[in-house]
Number of protein chains: 2
Amino acid sequence: MRYKAGHKDETHQRILDIAGKLFRKNGIASVGLASIMKDAGLTNGAFYAHFDSKETLVKEVLGDILDQRDLQIVEGLKNGASLKQFIYDYLSPFHRDHCESGCPTSAFISELIHHSKSTRTLFTEKTVRIFDRIEQQIQGENSYRANLAISIFSLMVGALQLSRAVTDKIVSEKILKAASETAISLISTMSDEDAAVN
Amino acid sequence: MRYKAGHKDETHQRILDIAGKLFRKNGIASVGLASIMKDAGLTNGAFYAHFDSKETLVKEVLGDILDQRDLQIVEGLKNGASLKQFIYDYLSPFHRDHCESGCPTSAFISELIHHSKSTRTLFTEKTVRIFDRIEQQIQGENSYRANLAISIFSLMVGALQLSRAVTDKIVSEKILKAASETAISLISTMSDEDAAVN
DNA sequence: TGTACATCAGTGAACGCGCGTTCACTGATGTAC
DNA sequence: TGTACATCAGTGAACGCGCGTTCACTGATGTAC
């Protein structure tokens, strides 16, 4: 073999990583395969030795990133990180200013609607898993934990996107702060008796 | 004049309406000017008699839609519609299934980040106005009304997008229901004393 | 009144460009005999 | 051991296509004299 064992797998993963960053930074539609391959130190044609089509790449990138992020969450929880910390990190100025290494859902969810059913089904599974991870971290035993988990993730996704879209830095900070506080209040005040009120 | 008075204005508005629907349905980047002009019953070249560039169109469309929607909210409130009703309508299966006539924020917010500062500044102003409209409809006089308004809108935007992206209808309905219930609980339980807890 | 010209919304072909995709080819290595 | 062939990751030019944009032109009307 011209290349050492595992070389192709390494290249494959490098393409995934670079595409993941570019897709999150610039959107899926506006990133060409040529620019991905150039960043990976390869030429146009080599792409099809690794993926059937751009759509295949999109699906694989999405799965890869969401799995990586899930692993981070699980590791974090093992090491004692709280749901509160997850919320603060998600709604931090750093996350807002670094799309390329952040949550893909916030980065290009409105583009996902225009992708293949297969890609969206993968997204559905990974998203349900996030809902479950959050739900497991909510204190108490009321039946609203599932609803709360969904709402907290929705709130974070919407707020992060809004904070990124506005041009006014003060408004942007306000959005992050408001959403953090509301999310935290949702997990801390929603004990059994409060939930029963709703 | 070959055309009756006001003809050009009518054509201009028709282009805006058609572009607004297409952008919300398919995303801004993936809708070509040719398809917009064809739907408007015109040819390619006529576009530049109405707009300087695609970016100008995007900005004008965004302003037009957000003003139309704001007018609807104001009219609705005059006729006794409640914030609750606004939330239910926003998080309804109908809104989820009809991007083309719905909220542009949910339709293409993650694309907005890649547009001109001028377009995003317009978006910022209109979004702050929505925050204010919601805030004014929240009962009570506590200092958290502004935060709640921001959070409720963020929650709705995130939830609607997630409900559109997932392929599983049951998950989609769950998201809409969870977000509705949480949003409603936020405006009804957050009286002065509850807010003080946070 | 008739004629020449100005106006202007819209036409439609063409521009350069980047896109996703294809494909004949390269060249270093491993394998067979 | 030497030679012929197979393997395969990657090359790089080319494909048709649709994009945003430009521009010389059309043709019905209004205006000037």
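Computed from a predicted model, the values in this text were never measured in an experiment. In what follows, chains carry the letters A, B, and so on, assigned in the order in which the sequence lines appear, proteins first and then strands, with residues in each chain numbered from 1.
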Are side-chain heavy atoms of [X] and [Y] found at a separation under 4.5 Å?
X: A:Met156; Y: A:Cys103; value: no
X: A:Phe123; Y: A:Thr105; value: yes
X: B:Leu91; Y: B:Phe86; value: no

*Under a 3.5 Å cutoff on both atom distances, Watson-Crick or G-U, what's the dot-bracket for DNA chain C ([ ] crossing, | other strand)?*
.||||||||||||||||||||||||||||||||
*Residues from residues 17-38 of chain A sitting under 4.0 Å of DNA chain D, heavy atoms only?*
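When residues 17-38 of chain A is checked for heavy atoms under 4.0 Å from DNA chain D, there are no hits whatsoever.
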*Quick one: is B:Thr11 getting a side-chain N or O under 4.0 Å of the C:dA9 phosphate, OP1 or OP2?*
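No, outside the criterion.
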*May I ask you to check whether A:Gln136 and A:Asp132 show a side-chain donor-acceptor distance below 3.5 Å?*
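On atom types as modelled, these side chains do not qualify, holding no pair under 3.5 Å.
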_Donor on one side chain, acceptor on other, B:Thr124 and B:Thr121, under 3.5 Å_ =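 The criterion, which ignores hydrogens and geometry beyond distance, is not satisfied for B:Thr121 and B:Thr124.
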*Among D:dA9, D:dT11, C:dT11, which nucleotide sits nearest the side chain of A:Thr43?*
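Taking heavy atoms from C-beta onward, the closest nucleotide is D:dT11.
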*Please list all pairs passing the side chain to side chain donor-acceptor pair (under 3.5 Å) test where one or both residues lie in residues 151-165 of chain B, with sequence neighbours left out.*
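Side chain to side chain donor-acceptor pair (under 3.5 Å) check on residues 151-165 of chain B returns A:Thr182-B:Ser151.
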*side chain to side chain donor-acceptor pair (under 3.5 Å): which pairs involve residues 23-47 of chain A, sequence neighbours left out?*
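Residue pairs with at least one partner in residues 23-47 of chain A: there are none.
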*If a pair satisfies salt bridge (Lys or Arg N to Asp or Glu O under 4.0 Å) and one of its residues is in residues 56-67 of chain A, list it, with sequence neighbours excluded.*
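Salt bridge (Lys or Arg N to Asp or Glu O under 4.0 Å) check on residues 56-67 of chain A returns A:Asp67-A:Lys126, A:Asp67-A:Arg129.
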*May I have all residue pairs that pass salt bridge (Lys or Arg N to Asp or Glu O under 4.0 Å) and include part of residues 73-83 of chain B, sequence neighbours excluded?*
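The answer is B:Glu75-B:Lys78.
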Rounded to whole Å, please give me the gap between [atom1] in [X] and [atom2] in [N].
X: A:Glu10; N: D:dG10; atom1: CD; atom2: P; answer: 10 Å
X: A:Tyr48; N: C:dC25; atom1: OH; atom2: C1'; answer: 19 Å
X: A:His12; N: D:dC8; atom1: NE2; atom2: P; answer: 17 Å
X: B:Phe47; N: C:dG12; atom1: CZ; atom2: P; answer: 19 Å

*Looking at residues at least two apart in the chain, or sitting in another chain, which of them share a salt bridge (Lys or Arg N to Asp or Glu O under 4.0 Å) with B:Arg133?*
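B:Asp70.
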Does [X] have any ring pair (Phe, Tyr, Trp, His ring centres under 6.0 Å) partners at least two apart in sequence or in another chain, and if so, which?
X: B:His50; value: B:His12
X: B:His98; value: B:Phe94
X: A:Tyr90; value: A:His95

*What residues in residues 49-58 of chain A put a non-hydrogen atom under 4.0 Å from any atom of DNA chain C?*
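The answer is A:Ser53, A:Lys54.
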Sort me out a list of protein N/O and nucleotides 14-16 of chain D N/O pairs below 3.5 Å, or just none if empty.
none

